[in-house]
Amino acid sequence: MNLLAELRSRFATALESLDGADLSDMVLPSQDPKFGDYQANCAMPLGKRLGRPPREIATELVEKLGVADLCEPPEIAGPGFINLRVKTARIAELVGDALVDEHRLGVPTATEPRNIVLDYSSPNVAKPMHVGHIRSTVIGDALAQVLKFLGHKVITDNHIGDWGTQFGMIVYGYKNFGDDAKLAEAPVGELTRLYRFVNSLVDYHALRTKKIPEAELAIDQQQLAVEKLSSEPVPEDQKAQKKAAKKLRQAEGLLNDCRSDLVALQQKLVDAENDEQLISVAKEHADIGQKVLAETAALHAGDEENVALWKRFLPACLAEMDAIYERLNVSFDHTLGESHYHDQLAETIASLEEQGLVKVSDGAKCVFLEGQDAPFIVQKRDGAFLYATTDLATIKYRVENWQPDALLYVVDHRQSLHFEHLFATTKLWGEKDTRLKDLELEHISFGTVLGEDGKPYKTRSGTAVGLSGLLDEAIQRALAIVSENDDARAEPLLSAEERQTVADRIGIGAIKYADLAHNRTSDYVFSYDKMLAMTGNTAAYMQYSYARVSSIFGKAGVDRQQLRTSNPTIDLNTPAERSLALALLQFSEALTRVASDYRPNHLTSYLFELASKYSSFFSECPVLKAESDELRTSRLALCDLTARTLSRGLELLGIEVVERM
RNA sequence: GCGCUUGUAGCUCAAUUGGAUAGAGCACUGGUCUUCGAAACCAGGGGUUGUAGGUUCGAGUCCUACCAGGCGCGCCA
């Protein structure tokens, strides 16, 4: 049972006669135990609405409220808060129910299941995945698991970039530097080599002919801007003075940024020029940038050779990507990338045009949106399609094939304007199509992963940190910690093999948990030390908590299955036991909260709190040496349900537990 | 210039979407192991929620202005 949902429904009934049924959501868990377990705050707004004293309303509500089976008599406090304390005997019964509920642990399924398409991860294939892909992948996967567990139909779709310039690079690389023998032997390695090599060639030329000159120009312009600002006469009034000073400061800051950008670019150029092999090849491929684009364009135009190469290379690229997903223990129902939609793009434009949504501006086909300065460009001047076009076609495809109620995109916050445009265009496009019109479209936005210096997490040379190496390092550090702790024991617990397994789970878990525990909308600082700490709100602590609970069953020598089905009497006579039991019943509330605003950090907070309550219980209440057999059994039952709740909760977050660590 | 977003304890972050005295974890100070994993527990100090106004029974949360950062703004994805 979901206690909160049940109480809200009881309140909804009581509120009806007062014309306040919409206020039942104002029943909430109490912040402070002295106000009971739950509190209803609806009397205050209702009092205002009806022009009557809130306490009077509260009294009336309490009289109408039927909760005698669940709660002690409600108390009215302060301006009109109604405080509810769940009957301890009822908590005990409900724990008993959860205990025998093998898979769901007492969590009811959603009363109105929805059909939800979840779009997340979406890397470019052929390019190695990097730190920027973590959040989308991890948050998306956790949301998928939680929504599924709550009984929604979830379709996950990895909208990979498999049709872009990176394939032009590989094709060009294969045609000019390819090695068929290596390709046959180790396709992933060879394709990665080709991508990296061509990319560095393109980059080298871009640095010389474009990036560095542009950076120099930017410095000149910025320099001028600074000079102009500093030569302007000082304004009379103070406000204008401050504003001018601020502008100057900002311009100078920008100038500094430009300068350090140039230094970084020049350093990259020097590095490249020290690579003799690269330079000699680069000279023979001076127009490589254009050639790569030409190969990409040929692919898009259906050039037989390039399409054949694309088909030949794609499986290896996917395999490389899947290797990472396997390490992360993430999978998708569908992987329909950009290439899947390329033959639907022309008809997408035609359909938009048919509805009179398209205007040609500067030669490009645009959808102009109310309240937006910039148009949504759906076809370029040269006739090529864009990201926007593919996204529209994708929405149409998903709607036609999967009939979703909601379409969720787990994508970083920088694309919020794109999604605003995309969603607005979709609604216009769907004016006559109720499937589109009623669709919930949501951008599940998240912040940037920062380094410990507070800047976007990059390697020293300024490139994105590879995901694979990131996982390696976390696991390696976890192994060191696990080994050190185990060596410190009088008798080490773990074999070398077991240590490695534990380190894998702790390392991967640490990265995932650190990400999920933060409110996704804010940026967060990536720190191995913090995420791998054995204390505090970390995966390692949660996994430790689980291992500690679990170890008790071996010592007790009980059959857990039998313990559950023997219908034990749950005894909650101490505050620690009661508090733990109530927390166990609130698992479903935490999950509902995650689903309501698509934020997994509600679940991490819940699990951490549960673990803390278990710790208090464990230090205050002897389990194996309880005063009586009945009490021992009751406490073992609490341990069992705690272990299962922790494990299931972590599982929904994509984190595996270990029995010993 | 316009738009979005963030600002909470020394540090990293919460705050159930407008609820009661703003909470955790690190770090710091004290206490608790001849009993189940002390990787723990208990207690304590630490705050003008960026600033100034406003809305109301009640504001970290909503509105206005300002300050400071991040991101974005027509043919990349």
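Each chain gets a letter, A, B and so on, in the order the sequences are listed, and its residues count up from 1.
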- Item | The single option from Leu603(A), Leu646(A), Thr592(A) passing side chain to side chain contact (heavy atoms under 4.5 Å, CB included) against Phe587(A) | Leu603(A)
- Message: List the residues meeting ring-ring contact (aromatic ring centres under 6.0 Å, His included) with His300(A), not counting sequence neighbours, and say none if there are none.
- Response: Trp163(A)
- Identify, with sequence neighbours excluded, every residue that meets salt bridge (charged side-chain N to carboxylate O under 4.0 Å, His left out) alongside Asp412(A). Arg414(A)
- Query: Could you write nucleotides 7-19 of chain B as a row of B, S and -, 5' to 3', where a protein heavy atom under 4.0 Å of any base atom gives B, of only sugar-phosphate atoms gives S, and otherwise -?
  - Reply: -----SSSSBB-B
- Base, sugar-phosphate alone, or nothing: which one does Lys48(A) contact when heavy atoms must sit under 4.0 Å apart? sugar-phosphate
- Please, what dot-bracket string fits RNA chain B when only Watson-Crick and G-U pairs with both distances under 3.5 Å count, crossing ones use [ ] and pairs to another strand use |? (((((((..((((.....[...)))).(((((.......))))).....(((((..]....))))))))))))....
- For Asn485(A), which residues count as a side chain to side chain contact (heavy atoms under 4.5 Å, CB included) partner, sequence neighbours excluded? Ile481(A), Met534(A)
- Over how many whole Å does the gap from Leu254(A) atom CG to rA68(B) atom C1' extend? 16 Å
- Any Ser551(A) side-chain nitrogen or oxygen under 4.0 Å from OP1 or OP2 of rG37(B): yes
- Using salt bridge (charged side-chain N to carboxylate O under 4.0 Å, His left out) as the criterion, list what pairs up with Lys530(A), not counting sequence neighbours. none
- Task: Could you pull out all residues at least two apart from Phe618(A) that satisfy side chain to side chain contact (heavy atoms under 4.5 Å, CB included)?
- Result: Arg548(A), Ile552(A), Tyr614(A)
- Task: Could you tell me whether the phosphate oxygens of rC26(B), OP1 or OP2, come under 4.0 Å of any side-chain nitrogen or oxygen in Thr535(A)?
- Result: yes
- Query: In residues 606-617 of chain A, which ones come under 4.0 Å of RNA chain B, going by heavy atoms?
  - Reply: Phe608(A), Ser615(A), Ser616(A)
- Listed once per pair and sorted, the side chain to side chain donor-acceptor pair (under 3.5 Å) pairs that draw on residues 531-545 of chain A, sequence neighbours left out: Tyr513(A)-Asn537(A)
- Looking at Arg548(A), does any N or O in its side chain come under 4.0 Å of the phosphate oxygens OP1/OP2 on rA38(B)? yes
- Task: For rC76(B), take OP1 and OP2 only and decide whether either is under 4.0 Å from a side-chain N or O of Lys380(A).
- Result: yes
- Report the glycosidic orientation of rU17(B): syn if within 90° of 0, anti in every other case. syn
- Message: Suppose we screen for side chain to side chain contact (heavy atoms under 4.5 Å, CB included). Which residues come up paired with Asp157(A), at least two apart in sequence or across chains?
- Response: His334(A), Leu336(A), Tyr341(A), Arg398(A), Trp402(A)
- Message: We want to know whether Glu252(A) and Gln222(A) form a side-chain donor-acceptor pair, criterion being a heavy-atom distance below 3.5 angstrom.
- Response: no
- Task: For Arg55(A), enumerate each residue passing the side-chain hydrogen bond (donor to acceptor under 3.5 Å, both in side chains) test, keeping only those at least two apart in sequence or located in another chain.
- Result: none
- Query: Mind checking what makes side-chain hydrogen bond (donor to acceptor under 3.5 Å, both in side chains) contact with Tyr38(A), not counting sequence neighbours?
  - Reply: Gln586(A), Glu589(A)
